[in-house]
Amino acid sequence: MIYFLHGADTYRSRRKLNEIVSEFRKRGGESLAVTRIDAEDHPEGVFLAGRTASLFSPKELVVIENVSRSEDALKKHIAGQLANWKKDKNLTVIFWEGDVSTEKDSLTGLLKKNAAKAQEFKLLSPAKVEMWLAVTLKKGSAILASEERKLLLGKHGADLWALTHELEKINAGWTVTGRESGEEKIWNFTDAFLKPAARVFIRSQD
């Protein structure tokens, strides 16, 4: 079986990837063979996909990331294996990509066609980001005023990674308005420091 997760919103696609892996671990138990490979940095691992299942657990889960940035030889190998991986009942391969065009990139186009489940994670619209923030705040301990929410959304937009990082700092005791004020002071000081020093002329007395 083949899964394909991709899109510009890597925060939500990563969350989905981790959820799928966790679910497979629950069903397969500790003996489940799980392999994670970055095809760009460690392409050699892809050639071993489907060969690491043990006698105790014939089921194998392989996560392959960034195939769109891998070498042509590896892409050719993956393209040739898709038909076998697709029908293999003991092997599940999850391909994860960032923002990549499935129309322009031939391999990711093939992944989309052969995947039993394919999902694209586009950047959320401003309205959906507000909803995401509201839901996330309910799950945590941070309480933000309307103005503080506007500051966060205005600064980070649909970048859920940045928003999550900010919420973590807020949960640790930071304040949105306090930090914004501090950053403004730092920039004001920097601007003043970089300005050319004013020339002072002292008229001599005769």
Name each donor-acceptor pair under 3.5 Å that joins a side chain in residues 62-70 to protein atoms two or more places apart or in another chain, with its distance.
from	atom 1	to	atom 2	distance (Å)
Glu65	OE1	Arg14	NH1	3.3
Glu65	OE1	Arg14	NH2	2.9
Glu65	OE2	Arg14	NH1	2.8
Asn66	OD1	Arg69	NH2	3.3
Asn66	ND2	Asp38	OD1	3.4
Asn66	ND2	Asp38	OD2	3.1
Ser68	OG	Glu97	OE1	2.5
Arg69	NE	Glu40	OE1	3.0
Arg69	NH2	Glu40	OE1	3.3
Ser70	OG	Val67	O	2.6

Is there a path of hydrophobic side-chain contacts, each under 4.5 Å between heavy atoms of I, L, V, M, F, W or Y residues, that connects [X] with [Y]?
{"X": "Val93", "Y": "Ile37", "result": "yes"}
{"X": "Phe4", "Y": "Val46", "result": "yes"}
{"X": "Leu82", "Y": "Val100", "result": "no"}

**Request:** Sequence neighbours left out, what passes salt bridge (charged side-chain N to carboxylate O under 4.0 Å, His left out) with Glu19? Give chain and number order.
**Result:**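 Applying salt bridge (charged side-chain N to carboxylate O under 4.0 Å, His left out) to Glu19 gives Lys16.
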
**Item:** Qualifying ring-ring contact (aromatic ring centres under 6.0 Å, His included) pairs, either residue in residues 137-161, two or more places apart
**Value:**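 As it turns out, the ring-ring contact (aromatic ring centres under 6.0 Å, His included) pairs with a partner in residues 137-161, which skip direct neighbours, are Tyr11-Trp161.
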
**Message:** Enumerate the ring-ring contact (aromatic ring centres under 6.0 Å, His included) contacts for residues 78-108, please, sequence neighbours excluded, ordered by first and then second residue.
**Reply:**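 Not a single pair qualifies under ring-ring contact (aromatic ring centres under 6.0 Å, His included).
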
**Request:** Not counting sequence neighbours, which residues clear side-chain hydrogen bond (donor to acceptor under 3.5 Å, both in side chains) with Asn171? List them please.
**Result:**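 Listed in chain order: Ser141.
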
Kindly compute the distance separating [atom1] ([X]) from [atom2] ([Y]), expressed to the nearest 0.5 Å.
{"X": "Met1", "Y": "Asp88", "atom1": "CE", "atom2": "CG", "result": "10.5 Å"}
{"X": "Glu60", "Y": "Leu91", "atom1": "CD", "atom2": "CG", "result": "5.5 Å"}
{"X": "Leu144", "Y": "Glu166", "atom1": "CG", "atom2": "CD", "result": "10.5 Å"}
{"X": "Ile94", "Y": "Ile20", "atom1": "CD1", "atom2": "CD1", "result": "5.0 Å"}
{"X": "Thr10", "Y": "Leu17", "atom1": "OG1", "atom2": "CG", "result": "11.5 Å"}

**Request:** Would you check if Thr35 and Leu61 make a side-chain contact, meaning some heavy-atom pair closer than 4.5 Å?
**Result:**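 No; the side chains remain at least 4.5 Å from each other.
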
**Message:** Side chains of Val34 and Arg25, heavy atoms from C-beta outward: is any pair under 4.5 Å?
**Reply:**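 Yes. Closest side-chain heavy atoms under 4.5 Å.
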
Show which side-chain atoms of residues 111-140 pair as donor or acceptor with protein atoms under 3.5 Å away, not counting sequence neighbours.
from	atom 1	to	atom 2	distance (Å)
Asn114	ND2	Leu110	O	2.8
Ser125	OG	Lys128	N	3.4
Thr136	OG1	Trp132	O	2.7

Partners passing side chain to side chain contact (heavy atoms under 4.5 Å, CB included) against [X] (at least two apart in sequence or in another chain):
{"X": "Asn84", "answer": "Gln81, Lys87"}
{"X": "Glu71", "answer": "none"}
{"X": "His42", "answer": "Glu44"}
{"X": "Asn18", "answer": "Arg36"}

**Message:** The criterion is ring-ring contact (aromatic ring centres under 6.0 Å, His included); which residues satisfy it with Tyr3, sequence neighbours excluded?
**Reply:**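 Tyr3 satisfies ring-ring contact (aromatic ring centres under 6.0 Å, His included) with no residue once adjacent residues are dropped.
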
**Minimum heavy-atom distance Ser13-Leu5, with the two atoms named** =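 Closest approach of Ser13 to Leu5: O-CD1, 4.0 Å.
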
